[in-house]
Amino acid sequence: MTLPQQLETTLASVLTTILGTTSCPVVTPANDLRFGDYQSNAAMVLAKANKMNPRALAEKVIEMWPSDAIATAEIAGPGFINFRIRPEIYAERMRGAVTDARLGVATVPHPRTIVLDFSAPNVAKPMHIGHIRSTILGDSLSRIARFLGHKVITDNHIGDWGTQFGMVTWAWKHVLDEAALLANPLAELLRLYRHASDASKSDEAIREACRLELVKLQQGDAENLAIWTRCLELSKQGLQQIYQRLDVSFDHWLGESAYNEQLAPLVAKLLGGNLARESDGAVCIFSDGSVNDPTKDPFLIRRDGEWTDFPMMIRKSDGGFNYATTDIATLEFRKNEWQAEAVWYVVDHRQSSHFQQLFAVAARLGLDSMDLRHIAFGTILGTDGKPLKTRAGDLPQLADVLDDAVTASRKTVEERSRLETEGERAELAELIGISAVKFTELAHHRLSDYVFDLDKMVALEGDTAPYLFYSFVRSRSIFRKLEEAYQAGDAITLTEDAEIHLARLLSRFAEVVPAVVDDCRPNILTSYLLEVARAFHSFFEACPVLKTEGITRYTRLTLCDVTAKTLEKGLALLGIAVPQRM
Ligand code: ARG
């Protein structure tokens with residue numbers, strides 16, 4: 001049990017004695033540490049329900065608070081109860097954490113099968129900066145959910161069947177450079193795509209030719225299918241290299257094309273069940289009128305002051321199927337084949353109406369027992385405050401962004417690193433560059449836009465990955481200077497404020513990790529790790545370790561050890577590995 005859970009249990013039993021009824025009081029971290037570690041407004045909530053004076057109820061609680069509880073209790077204001085954890089309890093927590101690979105984090109009592117749909121770039125258009133947020137957020141959420149004991153299935157639902165293939169196929173047949181394709185497949189495929197896309201903008205005949213190539217592909221034309229297969233293989237290899245560099249992996253790569261066969265029967269089923277109907281030659285799903293408030297109906301939109309239909313199209317008038325059709329088929333598959341209990345889509349916020357519609361359709365199909373979430377995120381901005389672009393005005397390619405980050409971190413390494421060999425320095429620069437991109441992404445609230453400022457991201461000072469690396473290395477370095485043998489897990493005693501504060505924060509790891517998954521917000525963990533690092537440096541300055549002896553020395557070594565382990569584990573849950581030296 002976490003400390004607040006323990007407090008809730010004690011508080012509940014005290015309240016039952018006083019009120020004669022059971023209740024579920026809530027204990028939260030205190031807003032102001034001067035008054036305590038945790039607090040509860042239970043007395044105020046329950047006084048109202050029991051027609052009592054809140055302060056009188058709180059006073060009763062304090063009076064009956066057991067003297068052997070893990071915390072002392074005090075009344076504050078109109079009836080808040082503040083709790084201060086006894087230092088011995090923190091000392092016990094540290095003693096437990098230091099030899100526990102989970103650092104006190106419990107597994108969930110009811111594990112679920114969660115499908116995480118993330119990254120999902122569109123093939124033959126290389127992965128661009130827009131996919132970075134999905135890739136990094138999704139990877140971190142999958143690591144955390146797994147660590148908590150859930151059965152997580154990661155699926156890279158790549159866009160491998162869209163209109164871009166018409167263009168790529170047309171360009172492949174006309175301007176392919178085989179040598180370039182072998183040398184750098186992603187770059188050549190991108191060139192083909194851009195060539196066709198530019199040409200079809202100015203030339204009606206080319207646009208039509210591209211469209212026909214797509215139709216041929218979708219009808220199973222052998223030559224076009226062969227080109228498509230080759231494109232797909234090359235693209236996947238190129239993507240795989242980026243994922244390797246990012247240390248991201250997937251259990252499945254079931255792209256859009258995997259569902260081709262299911263689409264026609266699905267549309268027939270929806271038509272047959274009156275869930276969809278024809279409209280101007282296309283097949284669409286409309287509002288079923290079950291939502292009373294039009295602002296909450298995903299199939300309505302306000303135009304010129306009136307609510308009009310905003311249907312979800314599942315078959316185009318030319319017979320082709322849509323992104324939405326595939327997503328419905330995919331959801332059915334995940335439910336039926338994988339017994340998914342939750343499906344979380346880590347996708348740009350601009351697709352929110354698509355997901356609202358998808359989830360509404362899921363409900364009509366009886367798939368709504370699943371926990372379906374659109375884990376939306378905002379935009380990455382350049383230092384000019386506008387969406388990040390290359391100098392040529394294109395969306396930056398992810399691989400280039402990673403290279404730039406490594407180049408920037410090279411400077412930090414040259415100026416600050418104590419590593420001697422060129423090999424070690426290059427390795428550290430790569431680690432810092434990639435980690436800085438990941439950490440910056442995860443440190444922002446996912447729904448807010450953020451500025452991509454490489455120099456800030458790789459700096460040793462600030463709320464950065466390198467700052468946490470430095471804190472980790474510092475907390476570990478003390479053990480290299482140690483002459484005696486150190487064995488973790490013996491009793492410690494906390495006396496100094498800086499020791500107690502560090503222990504207080506370290507013991508909260510058990511509360512923070514589960515909280516990340518509640519709202520799918522890794523930035524809760526990044527803020528926490530930064531707070532731990534700051535507390536560690538204050539402690540390290542205030543409390544000498546090697547100049548002391550006995551239990552004081554052992555206590556401080558234990559705190560360094562738990563700090564190092566917490567930073568290392570916390571970063572690992574974000575998908576970031578720590579360097580052993582810097
Ligand atoms: N390929 C899509 C895009 O790049 C994202 C797919 C997200 N996943 C899904 N099941 N719709 O916009």
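Both backbone and side-chain heavy atoms feed into the values below; hydrogens, waters and symmetry mates do not. Start at 1 and go down the list; that is how both ligands and their atoms are numbered.
Ion pairing of R334 with D117 is present here, as a side-chain N (NZ or NE/NH1/NH2) and a carboxylate O approach within less than 4.0 Å. Ion pairing between R508 and E531 fails under the 4.0 Å rule for side-chain N and carboxylate O.
With sequence neighbours excluded, no residue forms a side-chain hydrogen bond (donor to acceptor under 3.5 Å, both in side chains) with D455.
Looking at ligand 1, you won't find any N or O of Y345 less than 3.5 Å from one of its N or O atoms. For ligand 1, the polar-atom distance check against D117 finds a nitrogen or oxygen pair separated by under 3.5 Å. Here's the thing with E256: none of its N/O atoms is less than 3.5 angstrom from an N/O atom of ligand 1.
At the top of the distance list for atom 2 (C) of ligand 1, counting protein heavy atoms only, stands A120 O, 3.6 Å. Atom 12 (O) of ligand 1 has as its closest protein heavy atom Q351 NE2, 2.9 Å. Residue, atom and distance of the protein heavy atom nearest to atom 4 (O) of ligand 1 are H131 NE2, 3.0 Å.
Under 4.0 Å from ligand 1, not a single heavy atom of D348 appears. With a 4.0 Å cut-off on non-hydrogen atoms, F118 does not touch ligand 1 at all.
Residue Q240 qualifies as enclosed at atom CD: its count of foreign heavy atoms under 6.0 Å is above 12. The environment of CD in E208 is crowded: more than 12 heavy-atom neighbours from other residues, nucleotides or ligands sit within 6.0 Å.
In the vicinity of N122, heavy-atom distances shorter than 4.0 Å reach the ligand 1 atoms 1 (N), 2 (C), 3 (C), 4 (O). Taking every non-hydrogen atom of V347 and a distance limit under 4.0 Å, the qualifying atoms of ligand 1 come out as 7 (C). Interface of Y323 with ligand 1, defined as ligand atoms under 4.0 Å from a residue heavy atom, comprises 2 (C), 5 (C), 6 (C), 7 (C), 9 (C), 11 (N). If you number the atoms of ligand 1 from 1 as listed, the ones under 4.0 Å from a heavy atom of F355 come out as 11 (N).
Relative to the ring axis of F118, R373 does not place its NZ or CZ within 45° and under 6.0 Å from the centre.
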When you look at R146 and D251, which way does the salt bridge (Lys or Arg N to Asp or Glu O under 4.0 Å) test go after all the steps? CA-CA 13 Å; R146 254 186 204 135; D251 300 316; 2.9 Å; yes

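Annotation: salt bridge (Lys or Arg N to Asp or Glu O under 4.0 Å) contacts involving residues 224-234, sequence neighbours excluded, comprise E178-R230.
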